[in-house]
There are 2 protein chains.
Amino acid sequence: MHEKERHRIILSAVQDRPVATVVELCNLTGASEATIRRDIATLHMQQKLRRVRGGAEAINPPPFVGLAGRTFAVNETMRTSEKQAIARAAVDLCEDGDSIIINGGTTTFQMVHPLATRRCQIFTNSFPIAEHLLKHSKNTIMLSGGTIYREQNIILSPFDNDVTRNFYAKRMFMGAQGLGPLGLMEADPLLIQAEQKLIGQADELVVLADSSKFERRSSLVLCPLNRITTVITDEGISDKAAAMLDAADVTLVVAQPGSGQEEVS
Amino acid sequence: MHEKERHRIILSAVQDRPVATVVELCNLTGASEATIRRDIATLHMQQKLRRVRGGAEAINPPPFVGLAGRTFAVNETMRTSEKQAIARAAVDLCEDGDSIIINGGTTTFQMVHPLATRRCQIFTNSFPIAEHLLKHSKNTIMLSGGTIYREQNIILSPFDNDVTRNFYAKRMFMGAQGLGPLGLMEADPLLIQAEQKLIGQADELVVLADSSKFERRSSLVLCPLNRITTVITDEGISDKAAAMLDAADVTLVVAQPGSGQEEVS
DNA sequence: CCGTTTATGATCATTGGTGATCGTTTATGA
DNA sequence: TCATAAACGATCACCAATGATCATAAACGG
């Protein structure tokens, strides 16, 4: 990865939250801590951001009210490192020019930073994802129409006849409430409906799920395991869960916090 | 391949992305790394680009496009006080609970501030309007689906079958490029299409146009004057323009910069 | 047709960025 | 106040990127 690329990712991440730590930026870029520190020092000299202990912050006082509601903000701070490494591995699957769908969620939101250096066609139902990519990247952004639900920051339409049906993508990326033998689990029936609609528009289905998601069960099954093409998770995945995915012929990618990632099956 | 040809390719690639690596340019041109380096050195001397380790970057600082594109930002500062008074008069037509449509534009954008205290159902095709209302108001926000055009900050869909067709509103608010005897004028055919679609979904049509718009003519007619229910403008409106609106049975509201506004016909 | 010039590609020594290690500094909690 | 852990800065080894040099081929002019 080139220096400028890292710089863009760092600036993107710094805009997103009040302070971005060195470790977070390592996960997002795949670079070492030493390099990130050097980058932060450089950007500090260029007045692009402010250097603080532990990481970096935006040069301008961050707006008081975040777009993300409280729920979103709280979730965002949980298991951040894993989510970032997973998100980076997800973006590594993409190349410039790809058409992809990104379903809203706190894990998939982390994809926006590595995506800052890409130029893809991105369809999403997430307002924050669209907003960030619009501001900090040159990707083409397409948005689904409908009502914006503040709780989840997602745009939902009760109607079947929206633009969603006109966008077809190579890959769709989504998070999950839980992953079990029955398949991909979700909690909210409204979300289920929207996500199923999106899934139908993509060829491959890539699920971003940190390892805790294999322990959680939820009430509603979104789709069976064999519909999933790839699962990206972190090192905490159990052998049992890995075997389950293997049996369903799902490609498993284990994102390493540091740099590379390991494809298992 | 000729030298000039490579130079064009290199400059094109550099404009396109923040940084183009030597290897990338080799693949694009078929030349060797040594040649590409020489080319970059030459172009660097000519100030056509900047030479950096790993490749080359555009000479101008990477235009980190704010959410508001330049066009938008520039327009936004023009005739602001008039626009604000007009926008406030427009919001005064609304009551809590109303369903309204707001077409994107710099004048209509000013409506977001008075709308902060309302609780309406608002359908819009403008990303900045949706963003602001989402962050700073409790209105219910509905968004049209489609591609986000950065220049205008508007969401457009080439398809007819989007959620727009499922939202019906009492009023639609829109700006205008110009207002003449032929009707409401617009410059961009793409916008025309989107706006006509929206107009069909509302009962009343309220046009926000500062008085300079009566002098400007544009190439495309969006709709005839008699389709317009109300025009809100500022004190600068000429008698001739007022008479024209009166003849078309359009209610004219003159927004006073200070507080109240004056209904003329 | 031949000699010269110019552009290109290959080789190799050098430079500069990256990552790892280790000692030092700073923050946090007991 | 002290103890501990995290963060930081400095140093060094490594490797890719670079620049210099030279050989070759194409373009040019006589």
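Every chain is numbered from 1 and lettered A, B, ... according to where its sequence line falls, protein lines coming before strand lines. Keep in mind that what you see is a predicted model, and the values were worked out from it rather than measured.
Taking every side-chain heavy atom of A/Arg37 into account, D/dC8 is the closest of D/dG19, D/dC8, C/dT18. Between C/dG9, D/dT18, D/dA7, one nucleotide has an atom nearer to the side chain of A/Val23 than all others, and that is D/dA7.
Between the P atom of D/dC8 and the CD1 atom of A/Ile40 lies a distance of 7 Å, rounded to the nearest Å. The NE2 atom of B/His44 sits 15 Å away from the C1' atom of D/dG19 (whole-angstrom rounding). Between the P atom of D/dT18 and the CD atom of A/Glu3 lies a distance of 12 Å, rounded to the nearest Å. Rounded to an integer number of Å, the gap from B/Leu25 CG to D/dT18 P is 11 Å. Between the CE atom of A/Met1 and the P atom of D/dC15 there is a distance of 21 Å, rounded to whole Å. Whole-Å rounding puts the B/Glu33 CD to D/dA20 P distance at 16 Å. B/Ile36 has its CD1 atom 13 Å from the P atom of C/dA10, to the nearest Å.
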| request: Just do the side chain to side chain contact (heavy atoms under 4.5 Å, CB included) check on A/Phe167 and A/Thr164 with the steps written out, would you? | output: CA-CA 6 Å; A/Phe167 190 80; A/Thr164 307; over 6 Å; no

| request: List the steps and the verdict of side-chain hydrogen bond (donor to acceptor under 3.5 Å, both in side chains) for A/Asn226 and A/Asp249. | output: CA-CA 7 Å; A/Asn226 57 26; A/Asp249 207 23; over 6 Å; no

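Between B/Val52 and A/Val52, the residue anchored nearer the 5' end of DNA chain D, judged by the nucleotide with its closest heavy atom, is A/Val52. Across the interface with DNA chain C, nearest-nucleotide mapping of A/Ala34 and B/Ala34 shows B/Ala34 to be the residue nearer the 5′ end. Nucleotides of DNA chain C nearest to B/Asp39 and B/Arg53 differ in position, and the one nearer the 5' end is that of B/Asp39.
A salt bridge links B/Lys135 with A/Glu131; the closest basic N to acidic carboxylate O contact falls under 4.0 Å.
C/dA30 is paired with D/dT1 under the criterion used here, namely a Watson-Crick or G-U wobble arrangement in which both key atom distances are under 3.5 Å.
OP1 or OP2 of C/dG19 has at least one side-chain nitrogen or oxygen of A/Thr35 nearer than 4.0 Å. Neither OP1 nor OP2 of C/dG17 sits under 4.0 Å from any side-chain N or O of A/Arg6.
Residues A/Phe123 and A/Tyr168 place their aromatic rings such that the two centres sit no closer than 6.0 Å.
The closest side-chain donor-acceptor pair between A/Ser12 and A/His132 falls under 3.5 angstrom.
Judged by atom type and distance alone, B/Arg38 does not reach the base of D/dG19 through any side-chain donor-acceptor pair under 3.5 Å.
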